[in-house]
A.B. asks: 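Questions regarding the structure given below will be posed in turn.
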Amino acid sequence: MCGICGVVSDAVSPDERRQAVERMCAAMVHRGPDDGGQADFDGATLGMRRLSIIDLSPRGHQPMPNEAETVWLVFNGEAYNYRTLRAEALEAGHRFRSDTDSETVLHLYEDHGEDCLARVRGMFGLAIWDTRTREALLARDRLGIKPLYYAVLDDGAVFASELRAMLASGLVDPELDPVALEHYLCFGYVPPPRTMFQGVRALLPGHLARVSGGRVSTRRWWAFPAPGRTVCAPEERPRALRTLLEESIRLHRLSDVPLGAFLSGGVDSATVVALMRDVAGEPVRTFSVGFGDGPARLNELSASHDTATALGTDHTEVVLGAADVVSSLDHAMASLDQPSFDGLNTYVVSKAARGEGVTVALSGLGGDELFGGYDSYRMIPRWHRAARAWGVLPVGVRRGIGNLLDRVYGHRVEDDRARKLRHVPDVGTLHDLYALARLTGWPSDVRALYTDEARTRLEAVEAPEPRQLLKEVASEDAGAWRALTELELTTFMSWRLLRDTDAMSMAHSLEVRVPLIDHEVVEFVLGLPVGWERRHGHPKRLLRESVADLLPPGVAGRRKQGFAFPLEHWMRHELRAVVEDALAPDVVRARGMFEPAAVTQLMERFRAGRLPYPVVWQLVTLELWMQRVVDGARASASVTA
């Protein structure tokens with residue numbers, strides 16, 4: 001696990017490339033505190049910060065060359081099947097300098113070119129410089145577990161594992177992208193390939209980029225399988241899945257450093273821990289976070305303690321209060337890399353695990369998205385069928401019903417989604433229903449916050465409507481369940497959860513692995529025929545059946561809760577001063593993006609219980625992130641200039 005970076009350009013002088021890479025590496029020491037290095041070539045410079053996981057010796061130093069030093073690699077991630085790939089490379093005549101998985105990927109590229117990516121089972125963001133062709137290959141893993149950002153230069157590109165490193169390069173201007181800002185306010189995170197900065201792009205999951213002849217070209221190298229590709233009788237599916245999960249856990253346990261797992265009170269993390277125990281034949285070190293204040297319904301410590309006891313784990317509990325969160329806010333907001341209204345939970349549990357000497361932690365992330373754990377899987381298909389009648393009503397009638405809902409239920413936060421019905425032109429589509437369920441801010445409400453100048457900037461560019469982004473992610477052709485799965489895996493999981501998990505765990509030099517979304521597991525489930533969910537769908541019946549003999553009594557039937565901070569409670573009490581300071585009229589006016597009166601009105605609605613807390617918290621997060629990331633980058637840029 002590492003931070004990688006580089007500059008590929010003939011227009012940037014060797015000294016400028018070297019200095020840019022040095023600055024980027026310095027900005028990512030937290031991602032790789034064990035080692036660092038860079039290598040200069042004719043037309044490119046690569047850089048690396050290393051967190052040693054496999055082969056802790058200096059032989060794992062990167063950038064790493066092949067035998068002839070004609071191909072060089074920087075690799076962030078893990079190739080879990082590297083032992084098999086290594087044996088094949090040895091048989092093909094390759095010589096190894098280390099026992100790392102990274103060197104295996106390097107030799108794989110020599111033999112197969114960019115097709116090598118399809119042979120790697122793991123998570124990664126990588127860059128390869130081929131001195132023979134003077135071309136760079138950038139690539140990202142299938143599900144987007146590890147990040148990779150790039151910006152096109154006049155004659156090439158600059159890339160890095162983090163946006164903060166991109167800014168540190170001095171080759172990227174810290175200018176906000178107005179479209180990304182609007183998307184952030186609608187989703188609560190920035191959908192890729194956009195980032196918060198103009199000209200900086202996130203390489204999409206399952207995509208690669210070629211930097212050659214001063215040009216950058218991208219293409220998809222992996223996609224979700226078509227339904228029906230998995231041939232397996234319904235009664236055999238749990239057993240087949242169990243076999244894949246056991247293999248995934250066995251591979252994800254590969255490590256030369258201490259390893260543990262995050263444990264909540266739910267099925268997903270319990271499944272990971274139970275399989276780890278069975279595969280290893282020894283107790284697993286587990287970590288849970290709970291709260292000393294806030295609503296008891298959000299506190300999972302009792303449930304996770306019961307699960308840990310039943311599974312015989314070496315368990316650590318971390319009890320937090322709002323004061324602990326306040327003391328961590330500065331570092332957490334800077335570590336986000338891009339603003340998100342989520343992520344603090346991963347920050348604190350990662351800090352706890354690293355503090356106990358663990359370098360690698362397995363997580364149950366992805367189980368809800370892949371196996372249908374969210375209420376969206378139960379409700380949206382049902383709404384989809386019922387709402388078709390809504391779609392044939394005249395627009396005026398729909399608006400009238402929406403306005404009536406607003407008057408009758410406007411004082412109730414839980415009915416905020418229903419009131420948005422009047423904004424939806426065709427609520428009969430699944431994408432509109434998904435938007436109602438997942439968007440934290442409705443586009444019309446978001447634009448009402450802007451100053452005239454900010455609104456003019458947005459209107460001057462072509463801004464894709466948030467619901468259009470959802471339509472580009474998934475088609476309804478294979479049915480509502482399949483479309484929902486692709487939406488949840490791509491938007492909620494990859495664009496938000498995986499990105500936040502990487503940023504917040506690497507802030508503490510902790511590697512988080514996600515075995516439930518190993519690509520072979522994902523391909524098995526998504527390859528099942530259309531309609532498989534009628535037998536094995538919500539609430540995660542296929543997963544539960546596959547591990548029923550391993551789960552402690554009570555876990556399999558436990559109601560879905562999710563790991564959430566009591567932020568709403570804290571925002572009304574212990575964090576109230578933080579919220580009010582960040583959104584004070586003078587602060588909002590100085591920032592110049594939103595009308596102070598509009599923000600104040602939101603605050604009043606939240607205090608009155610008429611507005612969901614994420615709408616306010618994401619504005620707070622945005623301002624804190626701007627203060628710690630953007631303002632600092634602009635100050636550094638002015639000093640450099």
A.B. asks: So, is the end of the R572 side chain (NZ or CZ) under 6.0 Å from the ring centre of F606 and within 45° of the ring's axis?
C.D. replies: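 R572 over F606 ring: yes.
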A.B. asks: Does Y184 form a side chain to side chain contact (heavy atoms under 4.5 Å, CB included) with L622? I'd like the steps, not just the answer.
C.D. replies: CA-CA 9 Å; Y184 166 71; L622 177 65; 3.8 Å; yes
A.B. asks: Can you establish whether the number of heavy atoms outside E520 located under 6.0 Å from its atom CD is more than 12?
C.D. replies: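 It does: E520 CD has more than 12 such atoms within range.
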A.B. asks: Taking atom CG of L263 and atom CE of M276, what is their separation to the nearest 0.5 Å?
C.D. replies: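 Answer rounded to 0.5 Å: 10.5 Å.
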A.B. asks: Distance check, rounded to the nearest 0.5 Å: R140 atom CZ versus L143 atom CG?
C.D. replies: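 Going from the CZ atom of R140 to the CG atom of L143 covers 10.0 Å.
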A.B. asks: What closest approach, in Å, do L516 and G367 show between heavy atoms, and which atom pair accounts for it?
C.D. replies: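 In terms of heavy atoms, the two residues are closest at CD1-CA, 3.9 Å.
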A.B. asks: Determine whether the side chains of E369 and T485 contain a donor N or O and an acceptor N or O closer than 3.5 Å.
C.D. replies: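 Per modelled atom types, E369 and T485 side chains form no pair under 3.5 Å.
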A.B. asks: Students often mix this up, so state it plainly: with edges at 30° and 60°, are the rings of Y377 and Y374 parallel, tilted or perpendicular?
C.D. replies: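 The rings of Y377 and Y374 lie parallel, inter-plane angle below 30°.
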A.B. asks: With respect to R31, which candidate in S509, S505, C2, S161 satisfies the side chain to side chain contact (heavy atoms under 4.5 Å, CB included) definition?
C.D. replies: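 The passing option is S161.
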A.B. asks: Taking all non-hydrogen atoms of both residues, which atom of I54 and which atom of R50 are closest, and how far apart?
C.D. replies: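 Heavy atoms of I54 and R50 come nearest at O-NH2, 3.2 Å.
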A.B. asks: Might you point out which heavy atoms bring F287 and A352 nearest each other, and give the distance in Å?
C.D. replies: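 The pair with the smallest heavy-atom distance is CE2-O, 4.3 Å.
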A.B. asks: So, do L498 and I517 sit near enough that their side-chain heavy atoms are less than 4.5 Å apart?
C.D. replies: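 Sidechains of I517 and L498: in contact.
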A.B. asks: Using 0.5 Å steps for rounding, measure from the CG atom of D314 to the CD atom of E356.
C.D. replies: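 D314 CG to E356 CD: 8.5 Å, rounded to 0.5 Å.
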A.B. asks: Go through the steps to decide whether W442 and L436 satisfy the test side chain to side chain contact (heavy atoms under 4.5 Å, CB included), and finish with yes or no.
C.D. replies: CA-CA 8 Å; W442 206 252; L436 285 172; 3.8 Å; yes
A.B. asks: Let me confirm one number: the CZ-OH distance from F492 to Y434, rounded to the nearest 0.5 Å.
C.D. replies: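 Interatomic distance, F492 CZ to Y434 OH, rounded to 0.5 Å: 7.0 Å.
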A.B. asks: How far apart are the closest heavy atoms of V360 and L510, and which atoms are they?
C.D. replies: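 So the minimum-distance heavy-atom pair works out to N-CD1, 4.0 Å.
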A.B. asks: Flag the pair D342 / Y189 as yes when at least one side-chain heavy-atom distance between them is below 4.5 Å, and no otherwise.
C.D. replies: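 They are not in side-chain contact.
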A.B. asks: Would you say D101's side chain and Y80's backbone share a donor-acceptor pair under 3.5 angstrom?
C.D. replies: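 The answer is no, because no donor-acceptor pair under 3.5 Å joins these two groups.
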A.B. asks: If you count heavy atoms of other groups shown closer than 6.0 angstrom to CZ of R239, is the number above 12?
C.D. replies: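 Result for CZ/R239: enclosed.
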A.B. asks: Does a side-chain N-to-carboxylate-O contact under 4.0 Å join E545 and R541?
C.D. replies: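 Answer for the salt bridge query: no.
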A.B. asks: Taking atom types as modelled, is there a side-chain donor on E162 or H30 under 3.5 Å from an acceptor on the other?
C.D. replies: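 Yes - a donor-acceptor pair under 3.5 Å links their side chains.
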A.B. asks: Are T309 and H315 side-chain neighbours, meaning at least one heavy-atom pair lies under 4.5 Å?
C.D. replies: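 Not touching, per the 4.5 Å side-chain cut-off.
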A.B. asks: Of the non-hydrogen atoms in S335 and M504, which two are nearest, and what is the gap between them?
C.D. replies: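 Smallest heavy-atom distance, with atoms named: CB-SD, 4.1 Å.
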A.B. asks: Could you tell me if the side chain of L51 sits less than 4.5 Å from the side chain of P33, heavy atoms only?
C.D. replies: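 Answer yes - side chains close enough.
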A.B. asks: Judged by atom type as modelled, is there a donor-acceptor pair below 3.5 Å linking the side chain of S248 to the main-chain atoms of P515?
C.D. replies: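 Checked: pair present.
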A.B. asks: Using only atom types and a distance under 3.5 Å, with no angle test, would you say the side chain of R628 pairs donor to acceptor with the backbone of A334?
C.D. replies: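 Judged by distance alone, no pair lies under 3.5 Å.
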A.B. asks: Check whether any side-chain heavy atom of E511 sits under 4.5 Å from a side-chain heavy atom of M123, and report yes or no.
C.D. replies: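 Answer yes - side chains close enough.
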A.B. asks: So does L301 get a backbone contact from the side chain of H305, meaning a donor-acceptor N/O pair under 3.5 Å?
C.D. replies: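 No, because the side chain of H305 does not come within donor-acceptor range (under 3.5 Å) of the backbone of L301.
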A.B. asks: Quick one: are F224 and R482 in side-chain contact, heavy atoms under 4.5 Å?
C.D. replies: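 Contact flag for F224/R482 side chains = yes.
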A.B. asks: Considering only NZ, NE, NH1 and NH2 on the basic side and carboxylate oxygens on the acidic side, decide whether R242 and E246 come within less than 4.0 Å.
C.D. replies: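 Counted as a salt bridge, because a side-chain N and a carboxylate O are separated by less than 4.0 Å.
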A.B. asks: As a test of understanding, state which of E78, E523, E247 forms a salt bridge (Lys or Arg N to Asp or Glu O under 4.0 Å) with R121.
C.D. replies: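 The passing option is E247.
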A.B. asks: Are the aromatic rings of Y347 and H508 close, with centres under 6.0 Å apart?
C.D. replies: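 Between Y347 and H508, the centre distance is under 6.0 Å.
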A.B. asks: Do M196 and W625 come within less than 4.5 Å of each other through their side chains, counting heavy atoms only?
C.D. replies: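 When only atoms from C-beta onward are counted, W625 and M196 do touch, with a gap below 4.5 Å.
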A.B. asks: Nearest 0.5 Å, what's the OG1-CE distance between T501 and M506?
C.D. replies: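 Rounded to the nearest 0.5 Å, the OG1-CE separation comes out at 12.5 Å.
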A.B. asks: Does a side-chain heavy-atom distance below 4.5 Å link V348 with D324?
C.D. replies: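 Result no, sub-4.5 Å side-chain heavy-atom pair not found.
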A.B. asks: With a 3.5 Å distance limit and no angle check, can you tell me whether T230 reaches the backbone of F524 through a side-chain donor-acceptor pair?
C.D. replies: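 Yes; judged by distance alone, with no hydrogens or angles, the pair exists.
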A.B. asks: Please round to the nearest 0.5 Å and tell me the distance separating atom CG of D500 and atom CD of Q338.
C.D. replies: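 Reported to 0.5 Å precision, the distance equals 9.5 Å.
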A.B. asks: May I ask you to say whether E580 pairs ionically with R607, meaning some side-chain N is under 4.0 Å from a carboxylate O?
C.D. replies: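 A salt bridge is present here (some side-chain N lies under 4.0 Å from a carboxylate O).
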A.B. asks: Within the distance-only criterion (no hydrogens, no angle test), does the side chain of S269 pair as donor or acceptor with the backbone N or O of S264 below 3.5 angstrom?
C.D. replies: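 Flag set: sc S269 to bb S264 pair under 3.5 Å.
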A.B. asks: Mark yes or no for whether R496, through its side chain, and G343, through its backbone, hold a donor-acceptor pair below 3.5 Å.
C.D. replies: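 It does not hold such a pair.
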A.B. asks: Taking R164 for the side chain and D337 for the main chain, is one N or O donor matched with an acceptor at less than 3.5 Å?
C.D. replies: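 Flag not set: sc R164 to bb D337 has no pair under 3.5 Å.
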A.B. asks: Flag the pair D268 and K540 as a salt bridge only when some basic side-chain nitrogen lies within less than 4.0 angstrom of an acidic carboxylate oxygen.
C.D. replies: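 Salt bridge present between D268 and K540.
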A.B. asks: Any donor-acceptor pair under 3.5 Å linking the side chain of H538 with the backbone of E533?
C.D. replies: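 Checking the backbone N and O of E533 against the side chain of H538, no donor-acceptor pair under 3.5 Å is found.
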A.B. asks: Is the shortest distance from a Lys or Arg side-chain nitrogen in R237 or E235 to a carboxylate oxygen in the other one below 4.0 Å?
C.D. replies: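 Not counted as a salt bridge, because no side-chain N and carboxylate O are separated by less than 4.0 Å.
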